[in-house]
**Student:** 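Take a look at this one; I'll ask things after.
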Amino acid sequence: MKLRDITTVIEQVAPLSLAEEWDNPGIQIGRADSDVKQALLCVDVTDDVLQEAVDTHCDLIISHHPLFFHPLKHLRFESAAERIAYRAVREGISIYS
């Protein structure tokens with residue numbers, strides 16, 4: 001199944017237009033045409049959640065809270081979001097919030 005197929009179903013139930021102005025819903029990391037065989041659900045994307053996704057061979061993490069609330073100005077791997085983003089890309093795991 002493609003990531004876009006999953007996001008279409010999610011957005012039928014929870015349209016992006018209903019998000020608060022300050023929120024950042026949608027695909028955080030990944031491409032809409034990515035293949036997804038297994039997904040992991042969570043509230044927040046943490047290092048432990050990402051490790052569980054790696055351990056269980058998930059292609060997608062679906063989180064309630066977005067990984068990025070504010071635009072990144074750099075990618076130095078100093079913050080948790082920067083480290084998680086780098087590892088998710090390296091592991092081929094998409095993140096949708």
**Student:** Report the residues that fulfil side chain to side chain contact (heavy atoms under 4.5 Å, CB included) with His74, sequence neighbours left out, ordered by chain and then residue number.
**Tutor:**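 By the side chain to side chain contact (heavy atoms under 4.5 Å, CB included) rule, His74 matches Arg76, Glu82.
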
**Student:** Please report the interatomic distance CD(Glu11) to CZ(Arg4), rounded to the nearest 0.5 Å.
**Tutor:**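 Answer rounded to 0.5 Å: 12.0 Å.
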
**Student:** Looking at CG of Asp35 and CG of Leu3, how far apart are the two atoms once the value is rounded to the nearest 0.5 Å?
**Tutor:**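 So the CG of Asp35 and the CG of Leu3 are separated by 10.0 Å.
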
**Student:** To check you understand the geometry: which heavy-atom pair defines the closest contact between Asp23 and Ala19, and what is its length?
**Tutor:**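 Looking at all heavy atoms of both residues, the shortest contact is CB-CB, 4.3 Å.
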
**Student:** To the nearest 0.5 angstrom, please state how far the OG atom of Ser34 sits from the CD1 atom of Ile6.
**Tutor:**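 Taking OG in Ser34 and CD1 in Ile6, the distance rounds to 10.0 Å.
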
**Student:** Grab the two heavy atoms, one from Thr56 and one from Glu52, that are nearest each other, plus how far apart they are.
**Tutor:**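 For Thr56 and Glu52, the tightest heavy-atom pair comes out as OG1-O, 2.7 Å.
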
**Student:** Does some side-chain heavy atom of Arg87 sit less than 4.5 Å from a side-chain heavy atom of Val54?
**Tutor:**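 Of all side-chain heavy-atom pairs linking Arg87 with Val54, at least one is under 4.5 Å.
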
**Student:** With a 4.5 Å cut-off on side-chain heavy atoms, are Ile10 and Tyr96 touching?
**Tutor:**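 A side-chain contact under 4.5 Å exists here.
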
**Student:** Is there a side-chain contact between Leu67 and Ile61 in this structure, where contact means two heavy atoms from C-beta onward sitting under 4.5 Å apart?
**Tutor:**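 SC-SC contact between Leu67 and Ile61 ruled out.
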
**Student:** In terms of hydrophobic clustering (I, L, V, M, F, W, Y; side-chain heavy atoms under 4.5 Å; direct or indirect links), are Ile29 and Phe69 co-clustered?
**Tutor:**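 In one cluster with Ile29: Phe69, no.
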
**Student:** Using a 3.5 Å distance criterion without hydrogens, assess whether the side chain of Gln28 forms a donor-acceptor pair with backbone atoms of Ser97.
**Tutor:**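 Side chain of Gln28 to backbone of Ser97, a donor-acceptor pair under 3.5 Å: no, none is there.
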
**Student:** Does a side-chain heavy-atom distance below 4.5 Å link Ile93 with Leu40?
**Tutor:**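 A side-chain contact under 4.5 Å is absent here.
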
**Student:** Return the minimal non-hydrogen interatomic distance between Phe68 and Ala85, and the atom names on each side.
**Tutor:**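 Looks like CZ-CB, 3.6 Å.
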
**Student:** Check the hydrophobic clustering (I, L, V, M, F, W, Y; side-chain heavy atoms under 4.5 Å; chains of links allowed) and say if Ile95 and Leu50 are grouped together.
**Tutor:**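 Cluster IDs for Ile95 and Leu50 match.
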
**Student:** Could you tell me the separation between the CG atom of Asn24 and the NE2 atom of His65, rounded to the nearest 0.5 Å?
**Tutor:**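 One gets 13.0 Å once the value is rounded to the nearest 0.5 Å.
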
**Student:** So, does Asp5 use its side chain to make a donor-acceptor pair with the main chain of Lys2 at under 3.5 Å?
**Tutor:**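 Yes, Asp5 side chain to Lys2 backbone: donor-acceptor pair under 3.5 Å.
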
**Student:** Ignoring hydrogens, what is the shortest heavy-atom contact between Asp44 and Val49? Give both atom names and the distance.
**Tutor:**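 So the minimum-distance heavy-atom pair works out to O-CG2, 3.6 Å.
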
**Student:** Got a second to check how far Lys37's NZ is from Cys58's SG, nearest 0.5 Å?
**Tutor:**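 Nearest 0.5 Å value for the NZ-SG distance: 12.5 Å.
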
**Student:** With rounding to the nearest 0.5 angstrom, report the CD1 to CG distance, Ile84 to Asp47.
**Tutor:**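 Atom-to-atom, Ile84:CD1 and Asp47:CG are 4.5 Å apart.
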
